[in-house]
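Below: one structure, written as structure tokens.
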Amino acid sequence: MSHLKAWRAAIIHCIADPKDVGVNAAYEYFEDGLLVVEGDKIHALGDATALLATLPTDIHIEHYPDAIITPGFIDTHIHYPQTDMIGSYGEQLLTWLNTYTFPEEGKFHDKDHARNVADRFLKELLRNGTTTALVFGTVHKVSVEAFFEACEVHNLRMICGKVMMDRNAPDYLTDTPETSYQESKELIDTWHNKGRLHYAITPRFAPTSSDEQLQLAGKLLSEYDDVYMHTHLSENKDECAWVQDLFPESTNYLDVYDQHKLLSERSVFAHGIHLCDNEYHRLHETGSAISFCPTSNLFIGSGLFKLNKAEAHKVNVGLGTDVGGGTSFSMLQTMNEAYKVIQLQNENLNPIKSLYLSTLGGARALRLEDKIGNLAIGSEADFIILDKKATPLLTSRLALSKGIEETLFVFMTIGDDRAIQATYSAGQCVHKR
Ligand code: GUN
Ligand code: ZN
């Protein structure tokens with residue numbers, strides 16, 4: 001028996017950003033495709049009939065005549081400790097944090113609790129076809145240990161970090177500049193680049209860190225070549241005004257992070273809704289990325305992300321769910337809301353662009369495009385199977401589809417976890433519906 005495994009179905013993946021090459025040149029599509037995997041990597045991709053002629057005759061093939069294979073989704077901003085508080089009613093950011101978020105995060109001093117939530121969180125991601133995410137822990141070191149331990153079980157490519165937060169939060173959730181530096185360093189030394197795991201230095205957002213803490217976060221970032229920095233930026237108008245009060249010497253919100261040397265090619269800022277041209281410019285200059293989180297931005301009433309502005313300034317953008325501010329783990333539903341956010345600004349979000357943002361664009365925002373994000377030969381075999389007959393409505397709607405772009409758009413509009421027939425990570429099945 002051959003050691004190769006193959007999946008036969010329609011297959012689509014992005015090979016470039018539509019903004020650089022146009023929509024048609026940004027993707028490859030095989031109506032009757034074959035994806036061949038050797039171990040944890042992609043060995044071949046192409047038209048099924050042509051490719052089969054070149055392969056051993058005893059190769060094991062799974063055939064899905066009513067499905068589309070895409071790369072696994074990449075969620076560039078999510079909070080695993082907020083899994084159980086999704087859908088908390090009636091507040092905007094600062095009240096929402098104090099009323100719902102901080103009490104929930106307080107439970108993560110207990111490693112058993114953290115393990116339990118991490119396990120359910122990962123199952124939820126995989127049920128939704130998300131194979132990589134950039135994830136907030138809590139201030140507790142054990143929250144990140146529990147998370148990484150759970151990721152190891154499924155051999156997932158994941159990024160996580162301990163929250164740094166030394167002011168404007170309850171005592172039970174604060175650390176100090178020194179303990180946050182020390183504990184983050186210990187976590188980096190244990191977990192960063194262990195298997196498929198990576199560490200992100202994670203100051204929660206400017207208002208909950210002192211100057212000293214941000215300065216030590218910047219020092220820590222400078223001590224490693226390839227560690228990430230993950231925080232929030234310019235999400236809500238009251239938050240922005242508060243940052244100006246707290247850091248009067250900074251010229252804008254991003255400048256607080258800039259002054260503390262927190263902008264880098266591996267820095268990811270969630271939201272970035274209320275930015276001035278200088279801020280876009282500095283994000284571009286430093287190779288930093290923004291995570292666009294539409295379900296959250298609508299749910300907590302933060303505002304409309306300006307994708308055209310970010311693109312005009314050549315800022316890297318990925319898509320994020322931001323659960324529990326966001327309302328769904330599903331990247332399909334996140335694309336649905338992204339489309340509406342762009343519609344409200346009298347523009348269109350092309351489905352290929354949405355697929356790009358959720359796969360290769362996310363990988364580029366995380367500097368992981370040499371490993372994940374598409375189905376190029378040699379990439380890690382993280383992929384999903386979308387079932388065209390997952391629900392009666394998908395079945396009837398897709399029967400009228402005139403092509404792959406329309407089919408994708410329908411999945412992105414009415415699809416959710418039910419559409420994900422199977423999820424594969426590094427060539428192994430990690431979810432089957
Ligand atoms: N800003 C600071 N903390 C948070 C958080 O937990 N969620 C969101 N959406 N924004 C934040
Ligand atoms: Zn967030």
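Whatever order the structure lists them in is the order used to number ligands and atoms, beginning at 1. Hydrogens, waters and symmetry mates play no part in the numbers below; they use all other heavy atoms, side chains included.
Put simply, the residue from T202, V144, L173 that forms a side chain to side chain contact (heavy atoms under 4.5 Å, CB included) with V139 is L173.
Each ring-ring contact (aromatic ring centres under 6.0 Å, His included) pair with one or both residues in residues 154-178, not counting sequence neighbours, would appear here, but there are none.
Using a cutoff of 4.0 Å between basic side-chain nitrogens and carboxylate oxygens, K162 and D175 are scored as salt-bridged.
For a heavy-atom separation below 4.0 Å, the residues in contact with ligand 1 are H79, Q82, L93, W96, L97, R204, F205, H232, E235, H271, I300, D322.
The side chain to side chain contact (heavy atoms under 4.5 Å, CB included) search around T413 returns N336, F409, not counting sequence neighbours.
In this structure, the ring of H79 has its center no less than 6.0 angstrom from the ring center of F121. Aromatic ring centroids of Y89 and F299 lie 6.0 Å or more apart.
Surrounding NZ of K389 are at most 12 heavy atoms belonging to other residues, nucleotides or ligands under 6.0 Å away.
Residues N193 and H198 come closest through the heavy atom pair OD1-ND1, 3.0 Å.
H313 places a side-chain N or O within 3.5 Å of a backbone atom of K309 that can act as its donor or acceptor partner.
For the Zn ion (ligand 2), the tally of protein N/O/S atoms lying closer than 2.8 Å stands at 4.
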